[in-house]
2 protein chains.
Amino acid sequence: MKFSPLVDELIKTLQCLPGVGPRSAQRMTFQLLERDRVAGQKLGQALSNAMSDVGHCSRCRTFTEQELCPICASSRRGESGQICVVESPADVLAIETSGQFSGRYFVLMGHLSPLDGLGPDEIGLDKLAALIREEQPQELILATNPTVEGDATAQYIAEMCRDDNIRVSRIAHGVPVGGELEYVDGTTLALSLTGRREL
Amino acid sequence: MKFSPLVDELIKTLQCLPGVGPRSAQRMTFQLLERDRVAGQKLGQALSNAMSDVGHCSRCRTFTEQELCPICASSRRGESGQICVVESPADVLAIETSGQFSGRYFVLMGHLSPLDGLGPDEIGLDKLAALIREEQPQELILATNPTVEGDATAQYIAEMCRDDNIRVSRIAHGVPVGGELEYVDGTTLALSLTGRREL
């Protein structure tokens, strides 16, 4: 025995969070129990709600509990005729913060990684192809991470779109190679958008 | 707008956890949504259960959802006639891990801190006095933290028990085992010298 069952259970389950080990889980548990049970209740509720109700946007695959995410639902965002392809919802936020892009997104939810069983269909490239045929955008901006996998994924998508009448560009490598898009500052990200090159 | 309402809500509420800022809250949210919704559901449930059901042990004040915590409920733990006074439930675990103590505990859930409005009653010293009268233990071991507040609290409790027929002791201060003498601060070293024992 360590603590009582419910406390033990909370300490154990908190460790499913990234970066939380036994010691910080214990600290979190006591902090919530001692100081802020209301916040703990709210967090429990928010977790349950999000886990059960959040799905994927039917157009761009980002996380949302509605049929369409707010960006896809806004008609103004469709005017530019640009689609920005990113790996994760966090990347959408990073690009939104840069203020340089007013089109819509397509979120791969990963990158091509055959060894992990992530092929074109797993990252939704079939959906992307259908989307391109349907929306006939003027430009596809490939903003996958500047990593080996991200670059390969961008190359694959560019290849896929060769026969469509569409401009395909890759964000400029003003962003440090080997980094992750999510952690790049807004200015660098803005520069990499304006400096994009045709593939 | 950043993400959809439920996702935003989860990112915001996760920041009630100590040591979790906006960026790690975002990482936790996406990790759970992408990889482990079952664990997220479990965590939500564990949080709700713990926040609503966990109360304090009616004897020692530690966290438990039962009337008595497992240690207070065990009759074997009452045999030594010792009560160890600690500041927090985490301290109970630390002492249990040392394997040197087989008595029961009393958890103050804090320390005397008049400026924060924490007087003797707030840390349960009235309950401790009643417990001593009722259980007539042989020894009270004061294991509050070796800080100014912890020392003051220990002094206060020792004073309070002066008229009871009970041995009151304080855990030894000294150099930690495995450390190097040259890096130990002066106060600790001074205490370890005045508290020296004959071999």
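Residue numbering restarts at 1 for every chain, and letters A, B, ... go by the order of the sequence lines. Worth knowing before you read on, the calculation uses all heavy atoms, side chains too, and leaves out hydrogens, waters and symmetry mates. Computed from a predicted structure; not experimentally measured.
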Let me know if B:Ser52 has heavy atoms under 4.5 Å from chain A in its side chain, its backbone, both or neither.
both
Between B:Gln26, B:Arg35, B:Lys42, which shows the greatest number of heavy-atom pairs under 4.5 Å with chain A?
B:Gln26
Ranked by heavy-atom pairs below 4.5 Å to chain A, first place among B:Val7, B:Leu33, B:Leu32 goes to B:Leu33
Do B:Leu108 and B:Phe101 sit in the same hydrophobic cluster, where Ile, Leu, Val, Met, Phe, Trp and Tyr count as joined when their side-chain heavy atoms come under 4.5 Å apart?
no
Residues in residues 138-155 of chain A near chain B [non-hydrogen atoms, under 4.5 Å]
none
Closest contact, heavy atoms only, A:Pro89 versus B:Phe3:
O-CE2, 3.4 Å
Top contributor to chain A contacts, counting heavy-atom pairs under 4.5 Å, from B:Pro5, B:Cys57, B:Ser88
B:Pro5
Where does B:Glu34 contact chain A at under 4.5 Å (heavy atoms): side chain, backbone, both or neither?
both
Write down the atom of B:Glu65, the atom of A:Leu6, and the distance for their closest heavy-atom approach.
OE2-N, 3.0 Å
Looking only at B:Cys69, B:Gly110, B:Ala90, the option with the highest number of non-hydrogen pairs under 4.5 Å against chain A is B:Ala90
Applying a strict under-4.5 Å side-chain criterion to I, L, V, M, F, W and Y, I'd like to know whether A:Leu93 and A:Tyr183 cluster together.
no
What part of B:Gln41 gets within 4.5 angstrom of chain A, counting heavy atoms only: side chain, backbone, both, or neither?
both
Could you tell me the separation between the CZ atom of A:Phe63 and the CG atom of B:Asp8, rounded to the nearest 0.5 Å?
13.5 Å
Out of B:Val38, B:Thr64, B:Val54, return the one with the most heavy atom pairs under 4.5 angstrom to chain A.
B:Val54
Looking at A:Asn49, A:Leu47, A:Thr29, which one has more heavy-atom pairs under 4.5 Å with chain B than the rest?
A:Leu47
Contact residues of residues 9-25 of chain A (partner chain B; heavy-atom separation under 4.5 angstrom):
A:Glu9, A:Leu10, A:Thr13, A:Leu14, A:Cys16, A:Leu17, A:Pro18, A:Gly19, A:Val20
Drop me the distance from A:Met51's CE to B:Asp36's CG, to the nearest 0.5 angstrom.
9.0 Å
